[in-house]
Amino acid sequence: MTARLWQSLSLLALIAIAAMLFSLAVGSAQLSAAQLWAVVQGQGDALARTMVIDLRLPRALSAFAVGGLLAVAGALMQVLLRNPLADPYVLGLSGGASIGALAAMLAGVGGVLMSGSAFLGALLSTFLVFGLAHGSGGWTPSRLLLTGVVVAAGWGAVITLMLALSPADRLPGMLYWLMGDLSYARTPWPPLLLLLLTCIVLIPLGRSLNVLARGPQQAAALGVDVRPLEWGIYIAASLLTAAAVTTAGSIGFVGLVVPHMLRLLLGNDQRLILPACALAGGTLLVLADTLARTIIAPEQLPVGVITALLGVPTFLFLLYRSR
């Protein structure tokens with residue numbers, strides 16, 4: 001397992017580096033491999049250095065962090081629900097985090113307060129979904145999924161109401177941010193650090209997560225302390241989603257597509273899947289953002305449009321298979 005883990009992660013890391021270099025070179029103004037290598041060495045002309053270091057590199061690192069956070073959050077929710085359709089966007093976590101972040105925007109606050117507001121919104125959405133899905137016999141994955149879809153629709157209505165009541169001068173920025181916008185992502189280090197710390201914490205829990213994926217009764221019979229682990233997953237998924245939403249707005253389906261594809265390729269061992277999701281999710285969003293800012297350059301598309309075009313067919317395919 002150890003050799004396979006390191007081989008798989010090394011390959012994904014190389015792909016991530018290649019995607020990052022591609023993102024730095026491609027845009028409305030193209031850079032050749034020689035120009036990019038000169039910038040990496042600290043040389044090259046001033047315009048190329050400004051373009052790479054001040055503009056493209058922070059955006060690419062932010063995209064990598066957000067994609068990794070969403071993919072890991074999706075993998076955790078799928079373990080908890082034992083359902084490949086689980087995802088922070090589908091279950092309403094992204095919607096709750098968006099409500100909190102938009103409320104902070106309307107209040108004129110940012111930074112830590114905006115992140116905290118998004119986290120509270122995601123956590124509220126988590127409690128609301130699990131509370132409403134809990135019937136007389138407890139919650140089931142299918143009931144939880146349907147409840148999450150309904151709550152996500154409700155958050156969408158609240159977001160529409162907030163936009164309708166917002167000042168006209170703030171409306172364009174809020175709309176673009178809701179579709180997923182990395183244009184103003186200039187501080188990638190906090191979400192990157194959170195992603196790294198999350199992987200460090202979760203990898204030792206891989207065995208317990210593997211057992212939990214088989215069901216809470218079986219996990220309890222094998223000595224896993226189920227309830228604290230489930231609460232930990234709730235809170236971790238909410239925190240990761242809130243950090244992603246605060247950085248880049250509401251970006252859907254990354255947490256759905258990436259874990260499912262990796263399970264098809266690598267199996268279902270969480271010790272491998274979770275760090276692989278961090279790398280593959282980051283790579284996917286870096287490439288999606290590169291496509292979003294180059295397909296109609298110099299104009300830019302919201303990156304959430306690209307991920308939705310990938311995620312909606314995948315969601316429908318998984319829904320068809322799970323009938």
Show your working on side-chain contact (heavy atoms from CB on, under 4.5 Å) between M261 and V257 and close with a plain yes or no.
CA-CA 6 Å; M261 295 304 173; V257 174; 4.1 Å; yes
L239 vs L194 side-chain heavy atoms within contact, under 4.5 Å
yes
Do L163 and L178 have side chains that get closer than 4.5 Å, going by heavy atoms?
yes
List the steps, then state whether side-chain contact (heavy atoms from CB on, under 4.5 Å) holds for T241 with F119.
CA-CA 8 Å; T241 304; F119 172 66; over 6 Å; no
If you look only at pairs with a residue in residues 73-104, which of them pass as a ring pair (Phe, Tyr, Trp, His ring centres under 6.0 Å), with sequence neighbours excluded?
Y89-F253
If you round to the nearest 0.5 Å, how far is CE of M174 from CG of L102?
4.5 Å
Would a line drawn from the ring center of F64 to the ring center of W189 be shorter than 6.0 Å?
no
Report yes if the side chains of M162 and I99 come closer than 4.5 Å at any heavy-atom pair, otherwise no.
yes
Spacing of CD belonging to Q35 relative to CG belonging to L47, to within rounding of 0.5 Å:
9.0 Å
Heavy-atom closest contact (V286 atom, S23 atom, distance):
CG1-CB, 3.7 Å
Closest non-hydrogen atoms of G74 and P88, given as atom of the first, atom of the second and distance, are CA-CD, 3.7 Å
Rounding to 0.5 Å, atoms SG (C277) and CG (L195) come to a distance of 10.5 Å
With a 3.5 Å distance limit and no angle check, can you tell me whether S94 reaches the backbone of S250 through a side-chain donor-acceptor pair?
no
When hydrophobic residues are tied together by side-chain contacts of less than 4.5 Å, even through go-betweens, does L196 share a cluster with W6?
no
Residues L209 and Q270: closest non-hydrogen pair is CB-CG, 3.8 Å
Tell me the closest heavy-atom pair linking A65 and P188, and the distance in Å.
CB-O, 4.5 Å
When rounded to the nearest 0.5 angstrom, what is the spacing between CG in L11 and CG in L266?
9.0 Å
CG/L284 to CG/L310 distance, rounded to the nearest 0.5 angstrom?
6.5 Å
Are any of the side-chain heavy atoms of R271 and N210 separated by less than 4.5 Å?
yes
Rounding to 0.5 Å, atoms CZ (R59) and OG1 (T290) come to a distance of 8.5 Å
Output yes when a side-chain donor or acceptor of T147 lies under 3.5 Å from a complementary backbone atom of L132, and no otherwise.
no
Would you say I203 ends up clustered with L9 if hydrophobic residues are merged whenever their side chains have heavy atoms under 4.5 Å apart, either directly or through other cluster members?
no
The single option from L291, D289, I251 that satisfies side chain to side chain contact (heavy atoms under 4.5 Å, CB included) with I306 is L291
Linked, directly or transitively: V149 and V151 (ILVMFWY side chains, under 4.5 Å):
yes
Taking the side chain as every heavy atom from C-beta outward, state whether L106 and L165 have any atom pair closer than 4.5 Å.
no
All heavy atoms of T307 vs all of G252, minimum pair found to be OG1-O, 3.1 Å
In the structure I gave you, are the side-chain heavy atoms of T247 and T187 within less than 4.5 Å of one another anywhere?
no
Are L192 and I17 connected into the same hydrophobic cluster when the rule is that any two of I, L, V, M, F, W, Y join if their side-chain heavy atoms are below 4.5 Å apart?
yes
Pair L202, L76 - check side-chain contact (heavy atoms from CB on, under 4.5 Å), show working.
CA-CA 10 Å; L202 289 178; L76 289 174; 4.0 Å; yes
V211 side chain reached by R207 side chain, heavy atoms, under 4.5 Å:
no
Given side-chain contact (heavy atoms from CB on, under 4.5 Å), test L175 with L171 step by step and report yes or no.
CA-CA 6 Å; L175 280 171; L171 195 57; 4.1 Å; yes
For a quick check under 3.5 Å, do T126 and S238 share a side-chain donor-acceptor pair by atom type?
yes
Looking at G96 and S125, what are the two nearest heavy atoms and their distance?
CA-CB, 4.1 Å
Flag side-chain contact, heavy atom, 4.5 Å: L36 against L24:
yes
Do L193 and I235 share a hydrophobic cluster (ILVMFWY, side-chain heavy atoms under 4.5 Å, transitive)?
no
Can any side-chain N or O of R56 pair as donor or acceptor with the backbone N or O of T50 at less than 3.5 Å?
no
Ignoring hydrogens and angles, state whether a donor on the side chain of S98 or W155 is under 3.5 Å from an acceptor on the partner side chain.
no
Without hydrogens or angle criteria, can the side chains of Q78 and R263 be said to hold a donor-acceptor pair below 3.5 Å?
yes
